[in-house]
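Everything below concerns the one structure shown next.
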Amino acid sequence: MSFPLRGHALYPAKGGAEMDIAQELLNGSRLALTRAITAIENEYDEATDIMKKIYPHTGNAFVLGITGPPGAGKSTLTDKLAREYRKQGKTVGIVAIDPTSPFSGGAILGDRIRMNGLTLDEGVFIRSMGTRGSLGGLSHKTADAVKAMDAFGKDIIFVETVGVGQSEVDIVKAADTTMVVLIPGMGDDIQAIKAGILEIGDVFTINKADHEGADRLVTELNMMLDLDGVMKDWRPPIQKVVANQGIGIQEVIAIIDKHHSYIKGNGQLAERRIKRTKDEMLDILNSRIGSYITEKIVDTGIIDDFVRDIKARKTDPYTVAAGIMHDILK
Amino acid sequence: MEKRIRVLVAKPGLDGHDRGAKVVARALRDAGFEVIYTGLRQTPEQIAEAALQEDVNVVAMSILSGAHSHLFPKVVNLLREKGMKDTLVIGGGVIPEDDIPALKEAGIAEVFTPGALTTDIVEFIKKNVK
Ligand SMILES: Nc1nc2c(ncn2[C@@H]2O[C@H](COP(=O)(O)OP(=O)(O)O)[C@@H](O)[C@H]2O)c(=O)[nH]1
Ligand SMILES: [Mg+2]
């Protein structure tokens, strides 16, 4: 399939020069923001440059992660919470992730359909992303897409995960506050899901409280959190909501605000962000080293010579690896 | 990571079912595209703005109610105003042959009438996407 790179003289600025995506993003251009996210997601050459330029302007947004099983109402709840924040005068970014089909590589990204009412609000920017092979509930580029919205000036950024249950661990790394959405009537699934999400939720909502079993789920969850939370000073609150009717939304906002103040006050927010920066740094470094090795050792065929020698037992993989590392770090 | 063709599938106008749009959405996904599905009764303004936020390569609209002559060109104009110069816009639905030349004149790249196969749409997109 031929699919030419974007961003090379395809979007000329007035003088015919290439658009300075980073600068225009910082100036408030929605077109630049959308192009920046595309460059990031597709790993275009200019993405690193964009990230470098916008980086000093990041770190101001509050990032709220929303996770929970498919169909729990995450998108519906995001829509309602976003409207509430807009009423408070805050600007909102939303990154919504849906699974990429491992067979075709395609995806149907359907979160937006619950948020159509926000599309024409200039204070809101919604971007859907496919997982594209990532397994932790986010896409590999979610964090950088969030940074683009952050630099653009969004006050609060929602990240809606895929919602496959136990593997939803990446959201904790990406978000300041993580909200887990559960619903009654999930049968045995809930046991497996609960085991995986107890540690990651700062806030729990029981959505579809109009359905039977919501109170029982609250009781069960309370018991599990009490067992789990004996030594912790933040006991995750549980709030019942009916997202599609807007019931319980104010209460959820109050809880989120409370958690935000809490982690700000005791230094946890700063700690989480330091940890995030460190992880990011290491990820970038690992990926650079990985590409370097691919380029210098694999693509050149050098590795095949090593493999031949190893196979003939003239040397061993450990010695070869140490030698390569020695050369790289020189 | 490879690039993916992104397509917004939208249903402007007031007619009430989206079975056809959903079939197209699934076919495009199976062809390896990322499909942003926005559902029923979208205004041209909503479609163009969603296309911008999602930075799609293609906007695919279907309509049954006969308002295509007005709605399709409106979307094209709004997209161009927003700076989405290269977005491929295609239309489908119950559209009289006689209306097609004017739609193409207005910037609709191709019009697929009810007999069209989803594979035709996929091929058209692959060949014409910028
Ligand atoms: N009965 C009921 N349905 C809801 C509620 N919240 C959302 N829904 C519906 O549940 C379905 C899935 O919602 P969605 O937000 O797409 O879930 P997600 O997959 O977690 O993002 C939609 O049809 C919503 O209209 C609720 O509180 N009660
Ligand atoms: Mg959703």
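Letters A, B, ... are given to chains in the order of the sequence lines, protein chains preceding strands, and every chain is numbered from 1.
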Open item on the list: For A:Ser29, which atoms come within 4.5 Å of any heavy atom of chain B: side chain, backbone, both, or neither?
Closed with: neither
Open item on the list: Does any backbone or side-chain atom of A:Val95 lie under 4.5 Å from a heavy atom of chain B? Answer side chain, backbone, both or neither.
Closed with: neither
Open item on the list: Could you measure the distance from the CD atom of B:Glu49 to the CZ atom of A:Phe125? Nearest 0.5 Å is fine.
Closed with: 7.5 Å
- [ ] Please round to the nearest 0.5 Å and tell me the distance separating atom CZ of A:Arg127 and atom CG of B:Leu52.
- [x] 9.0 Å
Open item on the list: I'd like to verify something: which residue of A:Leu109, A:Asp111, A:Thr100 has the highest number of heavy-atom pairs under 4.5 Å with chain B?
Closed with: A:Leu109
Task: Top contributor to chain B contacts, counting heavy-atom pairs under 4.5 Å, from A:Ser128, A:Gly105, A:Gly110 - done: A:Ser128
Open item on the list: Quick one, B:Arg4 with A:Asn42, criterion side chain to side chain contact (heavy atoms under 4.5 Å, CB included). Give me CA distance, side-chain angles, the key distance, then yes/no.
Closed with: CA-CA 8 Å; B:Arg4 303 282 154 94; A:Asn42 290 347; 5.5 Å; no
TODO: Take A:Arg132 and B:Glu34 through the test salt bridge (charged side-chain N to carboxylate O under 4.0 Å, His left out) and record every step on the way to the result.
DONE: CA-CA 10 Å; A:Arg132 299 193 184 182; B:Glu34 284 182 353; 2.7 Å; yes
Are any of the side-chain heavy atoms of [X] and [Y] separated by less than 4.5 Å?
X        : Y        : value
B:Lys82  : A:Arg30  : no
B:Gln53  : A:Arg112 : yes
A:Thr38  : B:Arg6   : no
A:Asn116 : B:Thr38  : yes
B:Glu54  : A:Thr34  : no

Task: Heavy-atom closest pair, residues B:Glu45 and A:Leu120 - done: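 Nearest pair, atom of B:Glu45 first, then A:Leu120: O-CD2, 3.6 Å.
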TODO: Start with the C-alpha distance between A:Ile37 and B:Asp55, add both sets of side-chain angles, then the distance that settles side chain to side chain contact (heavy atoms under 4.5 Å, CB included), and finish with yes or no.
DONE: CA-CA 9 Å; A:Ile37 297 174; B:Asp55 200 14; over 6 Å; no
Open item on the list: Tell me which of these, B:Ala48, B:Gly39, B:Ala50, has more heavy-atom pairs under 4.5 Å with chain A than the rest.
Closed with: B:Ala50
